[in-house]
Structure formats: C-alpha cells, structure tokens
Amino acid sequence: GAGVSQSPSNKVTEKGKDVELRCDPISGHTALYWYRQRLGQGLEFLIYFQGNSAPDKSGLPSDRFSAERTGESVSTLTIQRTQQEDSAVYLCASSLDGVGEQYFGPGTRLTVT
Amino acid sequence: AQSVTQLGSHVSVSEGALVLLRCNYSSSVPPYLFWYVQYPNQGLQLLLKYTSAATLVKGINDFEAEFKKSETSFHLTKPSAHMSDAAEYFCAVSPSGNTPLVFGKGTRLSVIA
C-alpha cells in the first residue's frame with residue numbers, strides 16, 4: 001500500500017521567498033506530524049495534527065512557519081520569508097490514531113541560498 | 001521535559017562484529033521508546049518499539065533492544081553486523097505514545113569489510 005508521500009523532494013529557493021511543502025499521509029491515519037532535520041542534528045518536532053483537534057504548534061520555531069491540514073488528508077507546511085537557517089530536510093509522518101508507530105515520508109530537502 | 005541522549009555520533013564496527021548503539025532517556029513517566037533507521041537518501045523506518053510489554057524487544061533485521069528502567073536506557077544491539085546495516089540510527093521517546101516523538105541526535109553506523 002501507499003506510504004507517506006512528500007513533495008517536492010528537493011527545493012532550492014532564494015532567501016526571502018516563501019515556500020510550501022506538501023505531505024500526503026497514509027489513508028486513514030488521523031495523526032500527522034512535521035519534523036525538521038538539520039545537518040548533523042536529530043529531528044526537531046514542528047507541529048502535530050490529530051483529527052479535528054486544534055494542532056499542537058509548540059515546535060514551530062518562529063511565526064514565519066505555519067501549517068494547515070485539510071480534514072484527515074493532505075497537509076501543507078509554509079515557510080515565509082525563508083532564511084538560510086531554514087535549510088534542512090523537512091519530514092512528515094503519520095500514525096493511525098496518534099498512538100505508537102509513526103510512518104515517515106522521504107522528506108523534502110530545502111536549500112535556501 | 002523528555003530528552004534522549006545517544007552516546008557516540010559515529011560508531012564503526014567490522015562486518016560480523018557485535019553492534020551496540022547506546023540510548024539514554026529522561027522521562028517523568030514510563031515512556032514509549034523507539035529506534036528508527038535512516039538509510040542514505042531515504043526516510044526513517046521503524047526498527048523496533050517498546051510499549052511497556054516485554055523489556056527485551058525484537059525488531060527487524062535481527063536488531064533488538066532492552067528497556068532498563070533502573071538505567072533509563074534502551075540500547076540497540078545486533079549480534080553480527082552486515083554491510084547493509086550502515087545507516088543513521090535514531091532513538092526516540094514519547095511519554096504517552098500519542099504525542100510527538102523526541103529524538104536523539106542520531107548515531108551513524110559504519111560497517112567495515
């Protein structure tokens with residue numbers, strides 16, 4: 001069956017531009033997570049959606065970062081006015097009901113020049 | 001707050017030798033614990049998870065990990081390393097299983113022929 005998919009796989013953007021990253025979770029998974037992985041670092045939690053509950057935004061590093069999710073499907077992570085320190089791999093994960101195993105997508109590698 | 005410490009950012013073993021990757025966590029409640037593997041240019045894949053059942057957890061590819069509450073450890077082992085085991089390994093903790101994971105910084109495993 002289909003896993004978590006993310007697009008684009010790579011994105012190069014100029015400093016100051018806005019970018020949108022897309023995540024398609026596994027069908028039927030109610031929980032969706034965004035993480036960031038900077039070079040040589042572990043994964044940092046960004047935002048968490050669970051069903052119709054208000055998202056947990058506690059990991060967003062600044063107000064330039066935002067995310068939306070349509071129902072229990074696609075999510076978009078938006079970074080406004082990108083900075084070089086935003087360069088990282090952005091990983092999306094989903095889980096069946098928010099408990100236990102999270103299934104990860106292949107990530108979007110963002111490079112800000 | 002939860003935290004995860006992985007001792008050694010890089011571990012190198014000979015093919016056929018024992019693999020030992022160390023993970024210590026801090027948690028105020030009995031945690032859910034995970035090991036993920038990330039092969040080059042791929043997303044994260046779950047190796048194994050501890051969810052308060054048996055303390056010795058067996059995962060894929062002959063990996064296993066033992067939960068030791070007294071030591072707050074969840075070290076990953078494999079009796080005999082294969083070249084294909086070369087990858088980045090991440091330990092992660094979740095306090096209740098339905099919250100975002102807190103990851104360690106990862107350990108890169110190299111296997112020498």
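Chain A is the first sequence line, chain B the second, and so forth, proteins listed ahead of strands; every chain is numbered from 1. Any value given below was found using the heavy atoms of this structure, including those in side chains, with hydrogens, waters and symmetry copies removed.
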Co-membership, hydrophobic cluster, residues [X] and [Y], 4.5 Å side-chain:
| X | Y | result |
| --- | --- | --- |
| A/Tyr90 | A/Val19 | yes |
| A/Leu32 | A/Val4 | no |
| A/Phe104 | A/Leu21 | no |
| A/Ile47 | A/Ile26 | no |
| B/Leu47 | B/Val102 | yes |

**Message:** Quick check on side chain to side chain contact (heavy atoms under 4.5 Å, CB included): which of A/Phe45, A/Tyr48, A/Tyr35 does B/Leu101 satisfy it with?
**Reply:** A/Tyr35
**Asked** Considering only heavy atoms from C-beta outward, does the side chain of B/Tyr36 approach that of A/Gln102 to under 4.5 Å?
**Response** yes
Report, as yes or no, whether the 6.0 Å neighbourhood of atom [atom1] on [X] holds more than 12 heavy atoms from other residues, nucleotides or ligands.
| X | atom1 | value |
| --- | --- | --- |
| A/Glu14 | CD | no |
| A/Gln83 | CD | yes |
| B/Leu56 | CG | yes |

**Shortest non-hydrogen separation from B/Phe103 to A/Leu43 and the atoms involved** = CD1-CB, 3.6 Å
**Prompt:** How close do B/Phe90 and A/Gln37 get, heavy atom to heavy atom, and via which atoms?
**Reply:** CZ-NE2, 3.2 Å
**Asked** In residues 74-86 of chain B, which residues are in contact with chain A at a heavy-atom separation under 4.5 Å?
**Response** none
**Request:** Mind checking the CD-OG spacing from A/Glu101 to B/Ser94? Nearest 0.5 Å is all I need.
**Result:** 13.0 Å
**Asked** So which part of B/Gln38 gets closer than 4.5 Å to some heavy atom of chain A, the side chain, the backbone, both or neither?
**Response** side chain
